[in-house]
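Atom set for the values below is all heavy atoms of this structure, side chains included, hydrogens, waters and symmetry mates excluded. Every chain is numbered from 1, with letters handed out A, B, ... down the list of sequences.
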Amino acid sequence: MTKFSELKLHPKVLKAVEEAGYETPTPIQAGAIPPALEGRDVLGIAQTGTGKTAGFVLPMITMLARGRARARMPRSLVLCPTRELAAQVAENFDTYAKHVKLTKALLIGGVSFKEQDTLIDKGVDVLIATPGRLLDHFERGKLILSDVKVMVVDEADRMLDMGFIPDIEKIFGLTPFTRQTLFFSATMAPEIERITNTFLSNPARVEVARQASASETIEQGVVMFKPSRRDRADSEKRKLLRALIDGEGDKLTNAIVFCNRKMDVDVVAKSLKKYGYDAAPIHGDLDQSQRTRTLDGFRNGELKLLIASDVAARGLDVPSVSHVFNFDVPSHAEDYVHRIGRTGRAGREGKALMICNPRDESNLADVERLIQKEIKRIDNPIQDNAPESAAPTDEGEDGEKRKPRSRSRSRSRSRSDDRPEERRDNRNDTRRENADKRPRAQDTAAEKSADKSDAIPPAEKPETAPAEAKPRESRSDSRQADSRPADSRPADSKPDNTRSRNRQGDQGNSRRRGGRGDDVVGMGDHMPGFIAMSFEERRDD
DNA sequence: AAAAAAC
């Protein structure tokens, strides 16, 4: 078997590789490094987790070890589809170029141009970039790509998915015809084939088998989830997730929870946190510093649960994730492979559990067709979604109060004092006057029972926290009025503005929160039935 | 249907 020492890498690169603890290259490395060092174009077809990053980083450092970059004229260029991936490639350069004098710049969006400009001005050997920011620099005239000797396109199929191909073609056009190109893709879609035919010249084609590990070393399971009621589907699904997490016990050292939508990433992360889990969200709408911080924390082991959109599905190198949870069935089957590929890496064991909604069953079938394997059905660990479960347990609050109460609440609510001024002003005058005249101290019980913090939008509605997650006794006195158990309204949940509106006259008892957005303002006593339904219910009707 | 990426 080939060893790194036989690959003609620069001795200083080899030294760094050995110091990092590697001796034997992976198949993609063994296949890509020699032709790359000969100056040939390389077409690498490999999944994530196969070691392809080092497959281009090591030969690049070797080739760049001689010579120096001129101002604004980088000597090499690596393009990545996401910022995290670009950052990760940059780290690889740090690791393997530590004995070589090499300058690099990371050009990604979401951070200021200034530092990037400064580096470019001084001249860099390696430019690692996401396409948008690279072109941005170029268009501002800060960057000259005519001295690029090596260009790498990483995760090309993902670039395709993300609509970056025109940008990539443009960038190809800005670099010299004579450059060397290293091109990596997990699949060879027709469009990718076209690009490679256009921009690669007689490439060495290196293909490694589809990650066997994806379906073999990873234990997979799926829970077919049926909510007891549609309006409880979301919270029950989160409860199921918690049960799945809990069920893994100590075997779960760290995990990624994938959701299909950014909004769900936020909601799930917030919910888990509230229940005392060590969780944080990552997706493309969060600012870059937070993304970086969260990911760093996760890598360091400071963060246990990473709740992620598909920004984290591919390419991210998180060394040892014990579990992957798919909160949703991915709608592109191949995303499933990428997601679960975050666990069971490098021969370690991994476990991937998924929740499947009834409406996602066809997606599940697609996934199974792709991986050519049936995913084991797991019983729903929560057997008692039925009413009685919702009764006296810690779930009680969440389950019990909603529907029956909502009618009367919504009625009395429309006359109560808890509305924000501007909204109250929209209501009819008599009513407003009546409401306003009434001294607070004499608020009727009905009104009091109405004026709880129900304005919390569904996404933010605190779920009842379990006993062990009951922290915050300290509540500001302005809130003491709310006799709901302190634990059911965590201080860090969003609706603070809502609460502060509700402060005065708020002597109510604990009973009336827990609704969703089913209270209506401005409709007097009558509320059309459809208003109380979720969007889903309306659509289905 | 959604996510990602440029300001």
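In this model, the phosphate group of dA2(B) is not approached by any side-chain N or O of S309(A) to a distance below 4.0 Å at OP1 or OP2. A sub-4.0 Å separation between OP1 or OP2 of dA6(B) and a side-chain N or O of R83(A) is present.
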side-chain hydrogen bond (donor to acceptor under 3.5 Å, both in side chains) between S228(A) and E236(A), intermediate numbers included: CA-CA 8 Å; S228(A) 69; E236(A) 286 181 359; 2.6 Å; yes
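Note: CZ (F258(A)) to C1' (dA4(B)) measures 14 Å, nearest angstrom. Distance, L134(A) CG to dA4(B) P: 21 Å, rounded to whole Å. Atom-to-atom, CG of N363(A) to P of dA1(B) comes out at 11 Å; the value is rounded to the nearest Å. Computed from coordinates, the F327(A) CZ to dA3(B) P distance equals 14 Å when rounded to whole Å. dA3(B) atom P lies 10 Å from atom CG of D266(A), rounded to whole Å. Between E139(A) atom CD and dA5(B) atom P the separation is 18 Å, expressed in whole Å. If you measure from atom CD1 of I168(A) to atom C1' of dA4(B), you get 13 Å, rounded to the nearest angstrom. Here dA6(B) presents its P atom at 19 Å from NZ of K142(A), a figure rounded to the nearest Å.
Counting non-hydrogen atoms under 4.0 angstrom, D335(A) reaches nothing in the nucleic acid. Among the atoms of the strands shown, none is found under 4.0 Å from any heavy atom of G163(A). Across all strands, F113(A) comes closer than 4.0 Å only to sugar-phosphate atoms, never to a base (heavy-atom distances).
Side chain T130(A) to base dA5(B): no donor-acceptor pair is found below 3.5 Å.
Comparing dA4(B), dA6(B), dA1(B) against the side chain of S331(A) picks out dA1(B) as the nearest. Among the nucleotides dA6(B), dA4(B), dA3(B), the one closest to the side chain of R291(A) is dA4(B). Across dA4(B), dA5(B), dA6(B), the shortest atom-to-atom separation from the side chain of H283(A) is found for dA4(B). Of the candidates dA6(B), dA5(B), dA3(B), dA6(B) carries the atom nearest the D136(A) side chain, counting heavy atoms from C-beta on.
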Atom pairs and distances, side-chain donor-acceptor, residues 139-146 of chain A, under 3.5 Å, sequence neighbours left out:
| unit_1 | atom_1 | unit_2 | atom_2 | d |
| --- | --- | --- | --- | --- |
| E139(A) | OE2 | K170(A) | NZ | 3.1 |
| R140(A) | NH2 | D117(A) | OD2 | 2.9 |

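A side-chain hydrogen bond (donor to acceptor under 3.5 Å, both in side chains) with K351(A) is found for one member of E248(A), H323(A), Q220(A) and no other, namely E248(A).
F184(A) meets the ring pair (Phe, Tyr, Trp, His ring centres under 6.0 Å) test with F56(A); sequence neighbours excluded.
Heavy atoms from other residues, nucleotides or ligands lying under 6.0 Å from CZ of R377(A) number more than 12.
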